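Below is one structure, written out as structure tokens; comments come after it.
Just so you know, these numbers come straight off a predicted model, no measurement behind them. Below, chains carry the letters A, B, ... as their sequence lines are ordered, and counting in each starts from 1. Heavy-atom basis, side chains included; hydrogens, waters and symmetry copies ignored.
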Protein chains: 2
Amino acid sequence: MSAVSDSIERFIIELLSESNDIELRRNQLAQYFGCSPSQINYVLTTRFSPEKGYLITSKRGGGGHITIARIQTDKQELLYSLISGGIGDSLDKGRAKSIIQRLYNEKIVSLREAHLLWAAMEDSALLPHAACDKQRAVTLKRMLTTLLKEE
Amino acid sequence: MSAVSDSIERFIIELLSESNDIELRRNQLAQYFGCSPSQINYVLTTRFSPEKGYLITSKRGGGGHITIARIQTDKQELLYSLISGGIGDSLDKGRAKSIIQRLYNEKIVSLREAHLLWAAMEDSALLPHAACDKQRAVTLKRMLTTLLKEE
DNA sequence: TAAAGTCAAAAGTCAAGGAAAGTCAAAAGT
DNA sequence: ACTTTTGACTTTCCTTGACTTTTGACTTTA
């Protein structure tokens, strides 16, 4: 069924719903889920990236730990920073998804709107061309700009 | 002799009569029907296309799966007719605008959503002008299709 | 006793391998 | 002729393990 990584992700999100930042031991968590410790890193980098609105800090050695914090952002500020620099000139599907996910998490767009944004990011919605990623970047920025203007 | 594809189709339709939205593993299903996995794709593309009123999403890799969702066609006939025929293969800016205007008038999309749709319809410097209208048609259809998915 | 050295216990990195779905064209039915 | 079916190949995502780096606690030494 659903992969172990998904369970770990849900677990962490659950913890984060209690408080804004959490601290955990990598090995302990790995043992709890019966997986290798480095899989924790995999989950963190793929699902809790800065792009998705999370900040990871950690400490090695004795008494080491990992801290995961949700980034607090002003909505306008986030939109603006995405448009002017955050997105850049080229945007692959993975990053597009992360960004849209975050806009939804931060309640900047509704679920419906997120789906609209995502639909415009699909390869099948773009030209079959090498410049696909560039196209994506331009389109997303254009769409976000309209959101910015409205409020 | 009724083809295996027909059985698979009936099977899926049966599942969809229970819930509006099902998730299945491709390999498992293929094994169940004693056919090759890629035949599942064949069935999905020939019998469960958006034009026929279905939406397919999937994930690869470990824990991967395919989800099939039935589209609500009764309540949203306008969307449906636009997607399957109304928009066609090519769409200039004027037609795009009037379609979006109509969607808003009919209260199928909010003002914000209309703006998002419109933003994705703008000409982009990156696109070769000749292909522009085709691009627009594909993108708009893609976006409307996702709206159908939600109830 | 304070600086330096040692060690084990963390976490990090990365590449290889595995698991699942996607694609496409050729073969096989009808 | 047209639809089905298959299999080889591709792409995407997940999992692991071997190796590295960092740290705090403990030990040694002047």
Side-chain angles (χ1 to χ4, degrees), chain A residues 1-12 21-52 54-69 91-98 101 118 121-126 128 130 132-133 136, chain B residues 1-12 22-52 54-69:
Chain A
M1 265 311 161
S2 98
V4 176
S5 291
D6 293 339
S7 309
I8 300 174
E9 178 187 14
R10 278 197 300 274
F11 183 80
I12 294 176
D21 63 74
I22 61 171
E23 178 175 311
L24 40 84
R25 324 310 268 341
R26 189 181 76 149
N27 287 348
Q28 189 177 302
L29 195 57
Q31 196 168 21
Y32 178 71
F33 280 99
C35 66
S36 73
S38 55
Q39 182 154 11
I40 305 300
N41 296 87
Y42 173 74
V43 173
L44 293 181
T45 54
T46 56
R47 278 113 152 138
F48 296 90
S49 61
E51 202 114 85
K52 292 205 166 80
Y54 299 93
L55 193 61
I56 310 291
T57 53
S58 66
K59 211 167 105 181
R60 306 184 185 191
H65 57 86
I66 298 176
T67 317
I68 308 169
L91 181 67
D92 65 33
K93 238 161 117 180
R95 281 185 61 223
K97 194 161 194 173
S98 298
Q101 173 76 52
W118 179 239
M121 297 293 101
E122 297 264 24
D123 280 337
S124 60
L126 302 170
C132 213
D133 286 352
R136 231 190 301 268
Chain B
M1 217 51 224
S2 100
V4 176
S5 290
D6 293 340
S7 309
I8 300 174
E9 179 186 12
R10 278 198 301 275
F11 182 81
I12 292 175
I22 62 170
E23 176 176 314
L24 40 85
R25 329 294 305 273
R26 189 182 75 149
N27 287 348
Q28 192 175 299
L29 194 58
Q31 196 169 21
Y32 179 71
F33 281 99
C35 66
S36 73
S38 55
Q39 182 155 10
I40 305 301
N41 296 87
Y42 173 72
V43 173
L44 293 181
T45 54
T46 56
R47 280 118 151 135
F48 296 90
S49 61
E51 277 74 19
K52 296 216 163 83
Y54 298 92
L55 252 196
I56 311 291
T57 54
S58 66
K59 199 169 124 185
R60 305 183 187 191
H65 57 85
I66 298 176
T67 53
I68 307 170

key: Phosphate-side-chain proximity, A:R47 and D:dC13, N/O vs OP1/OP2 below 4.0 Å   = no

remark   = Residue pair A:T46/B:S5 against DNA chain D: nearer the 5' end by closest nucleotide is B:S5

request  = Using atom CD1 of A:I66 as one end and atom C1' of D:dT21 as the other, report the distance to the nearest whole Å.
outcome  = 15 Å

ask   = Could you state the CD-P distance from B:E9 to D:dT5, rounded to the nearest angstrom?
value = 12 Å

task = Let me know the distance between CG of A:D6 and P of C:dA19, rounded to the nearest Å.
result = 17 Å

ask   = Want to know the stems of DNA chain C: at least 3 consecutive Watson-Crick or G-U pairs with distances under 3.5 Å, which are they?
value = C:1-30 with D:1-30

query = When you match B:V43 and B:G61 each to their closest nucleotide on DNA chain D, which lands nearer the 5' end?
reply = B:V43

remark   = Interatomic distance, CD1@B:I40 vs OG1@B:T45, rounded to 0.5 Å, equals 11.0 Å

key: Of B:K59 and A:H65, the one whose closest DNA chain C nucleotide lies more 5'   = A:H65

task = Looking at every strand, decide which applies to A:I40 at a 4.0 Å heavy-atom threshold: base, sugar-phosphate, or nothing.
result = nothing

ask   = Touch check for A:G62, heavy atoms < 4.0 angstrom, all strands: base, sugar-phosphate only, or nothing?
value = base

note = In this structure, OH of B:Y54 is separated from CD1 of B:I12 (nearest 0.5 Å) by 9.0 Å

ask   = Say you draw a straight line from OG of B:S58 to CZ of B:R25; how long is it, rounded to the nearest 0.5 Å?
value = 12.0 Å

task = Using a 4.5 Å cut-off on heavy atoms from C-beta on, say whether the side chain of A:D6 contacts that of B:K59.
result = yes

inquiry  = On a heavy-atom basis, which atom in A:R47 and which in A:E9 lie closest, and how many Å separate them?
reply    = NE-OE1, 3.2 Å

ask   = Rounding to a whole Å, what distance do you find between B:Q39:CD and C:dT23:P?
value = 16 Å

task = Whole angstrom is fine here: how far is it from CG in A:N41 over to C1' in D:dA18?
result = 14 Å

query = What distance do A:N41 atom CG and A:I66 atom CD1 have between them, rounded to the nearest 0.5 Å?
reply = 6.0 Å

query = Any idea which of D:dC13, C:dT23, C:dG12 is nearest the A:Y42 side chain?
reply = D:dC13

query = How long is the gap from CD1 on A:I22 to OG1 on A:T67, to the nearest 0.5 Å?
reply = 9.0 Å

ask   = To the side chain of B:S36, which of D:dG7, C:dA21, C:dA11 is closest?
value = D:dG7

task = Starting from P on D:dA25, measure out to CZ on A:R60 and report it in whole angstrom.
result = 18 Å

query = Parallel, tilted or perpendicular for B:F11 and B:F33, by the 30°/60° rule?
reply = perpendicular

note = So the salt bridge (Lys or Arg N to Asp or Glu O under 4.0 Å) pairs with at least one residue in residues 28-41 of chain A (sequence neighbours excluded) are none

ask   = With sugar-phosphate meaning primed atoms plus P, OP1 and OP2, does B:S38 contact a base, only sugar-phosphate, or nothing at under 4.0 Å between heavy atoms?
value = base

task = Can you measure from CZ (B:R60) to CZ (B:R26) and round to the nearest 0.5 angstrom?
result = 9.0 Å

request  = Check each residue of residues 23-32 of chain A for a non-hydrogen atom within less than 4.0 Å of any atom in DNA chain C, then write out the ones that pass by number, or none.
outcome  = A:R25, A:R26, A:N27

query = Rounded to whole angstroms, how far apart are CG on A:L44 and C1' on C:dA11?
reply = 11 Å

